[in-house]
Amino acid sequence: MKRQTKVTTPHSSLVHRLYLSFLKYYPWLLVTAIASLFLFPSTLLTPVSSSPDPRVETAFREVKVHYSKYPKILVFIANKDDRGKGKLIAVNTKKGKIDGAYRALSGVGGEENQRMLGPIPSQSKIKQPHYKVDVIPLTLSNPGIAGKFYKINPHMINVRGKTRGDFGIHADRNVPGTAGCIGIESEKEWVEFKALMLDYQRAGLRQIPLLVSYR
């Protein structure tokens, strides 16, 4: 019997490479697309802007996070000119999906180096690849917190010669705004966030990276 030889055409080779590239980048394309639904749902009605929110892509470009090392990442994307209001997004890097998105704010309207006023500085301002959030919370009685407090590390940072720190994620209680912590505005979403962090804790996680990005 005559032996058959498989012939690979340039066209089929190109298709195969494109397919492999799609598999490689598909999870992040999915992440950015879903994040844009949470951040700017109205843009879906505008045909001019069909691309996902570029700030999500920028935040991920700022740090090269290895999938197996960091299966979960928190991303805080906000407008510091609007009292630091935005979204805290929990990203599942393994599955390329959003675990949760929560309306949140940081600061009361100020610069990133202003104590008690400004929002939590972006990691690029403190020359760190990312922050780290403790999955197991503290319980504090401060009027503006009054409950669970997920500590953000490092404890103290330096921003343009000014020392800031003692940041965490908590419910935004008392009066609107924080001293630089990330405050989740909705009580319902706060309960959902605590449940998600408990799931992370049960999965064996103790700290997860936090990326901060402002427009």
Side-chain angles (χ1 to χ4, degrees), residues 35 38-40 53 55-56 58-60 62-63 72-91 100-194 196-197 200 206-215:
F38 286 108
L39 289 165
F40 301 108
D53 178 29
R55 289 180 300 152
V56 178
T58 299
F60 281 110
E62 286 180 4
V63 58
K72 311 288 185 180
I73 304 175
L74 292 174
V75 184
F76 179 58
I77 301 178
N79 182 355
K80 62 182 178 182
D81 295 328
D82 184 21
R83 299 173 62 88
K85 289 188 175 183
K87 286 277 189 180
L88 179 63
I89 303 171
V91 181
Y102 315 93
R103 289 170 293 165
L105 50 76
S106 182
V108 292
E111 295 301 319
E112 292 171 68
N113 67 336
Q114 287 184 282
R115 293 190 63 204
M116 309 301 293
L117 296 174
I120 181 172
S122 65
Q123 64 275 354
S124 60
K125 293 290 178 66
I126 63 171
K127 299 179 181 178
Q128 295 279 342
H130 53 73
Y131 291 95
K132 295 178 181 178
V133 178
D134 289 346
V135 173
I136 300 175
L138 303 171
T139 301
L140 303 181
S141 58
N142 310 38
I145 298 173
K148 300 300 182 184
F149 180 88
Y150 297 89
K151 181 173 172 52
I152 296 174
N153 302 288
H155 179 65
M156 302 301 291
I157 58 173
N158 187 282
V159 188
R160 297 201 298 270
K162 300 292 180 66
T163 300
R164 298 192 64 194
D166 205 15
F167 298 129
I169 301 174
H170 59 80
D172 183 36
R173 305 193 188 282
N174 199 8
V175 295
T178 71
C181 292
I182 297 175
I184 295 180
E185 297 184 84
S186 162
E187 184 64 30
K188 177 178 177 294
E189 292 181 0
W190 172 238
V191 171
E192 292 171 355
F193 178 78
K194 289 190 294 182
L196 180 64
M197 294 297 274
Y200 288 175
R206 291 297 175 264
Q207 286 188 327
I208 53 179
L210 166 68
L211 305 180
V212 176
S213 180
Y214 296 110
R215 62 176 176 179

I need the Ile136 CD1 to Gln207 CD distance, nearest 0.5 Å. 10.0 Å

Residue pairs involving residues 113-133 (criterion salt bridge (charged side-chain N to carboxylate O under 4.0 Å, His left out); sequence neighbours excluded): Glu112-Lys125

Taking only residues two or more places apart in sequence or in another chain, which ones pass side chain to side chain contact (heavy atoms under 4.5 Å, CB included) with Val108? Arg83, Leu117

Filter on side chain to side chain donor-acceptor pair (under 3.5 Å), then keep only pairs touching residues 158-171, sequence neighbours left out; what's left? Asn113-Arg160

From Cys181 atom SG to Ile120 atom CD1, the distance as rounded to the nearest 0.5 Å: 7.5 Å

Partners of Asn142 by side chain to side chain donor-acceptor pair (under 3.5 Å), sequence neighbours excluded? none

Do any N or O atoms from the side chain of Asn79 and from the backbone of Asp81 form a donor-acceptor pair under 3.5 angstrom? yes

By side chain to side chain donor-acceptor pair (under 3.5 Å), which residues pair with Glu187, not counting sequence neighbours? Arg173

Sequence neighbours left out, what passes salt bridge (charged side-chain N to carboxylate O under 4.0 Å, His left out) with Arg206? Give chain and number order. none

When you compare the side chain of Leu74 with that of Ile89, does any pair of heavy atoms fall below 4.5 Å? no

For Glu185, what residues pass the salt bridge (charged side-chain N to carboxylate O under 4.0 Å, His left out) criterion, not counting sequence neighbours? none

Partners meeting ring-ring contact (aromatic ring centres under 6.0 Å, His included) with Tyr102 (sequence neighbours left out): Phe193

List the residues meeting salt bridge (charged side-chain N to carboxylate O under 4.0 Å, His left out) with Glu111, not counting sequence neighbours, and say none if there are none. none

Can you tell me if Ser106 uses its side chain to pair, donor with acceptor, with the backbone of Gly180 under 3.5 Å? yes

Going by side chain to side chain contact (heavy atoms under 4.5 Å, CB included), name the residues that satisfy it together with Lys194, two or more places apart in sequence or in a different chain. Lys148, Tyr150, Trp190

Enter the distance from Ile208:CD1 to Lys72:NZ here, rounded to the nearest 0.5 Å. 9.0 Å

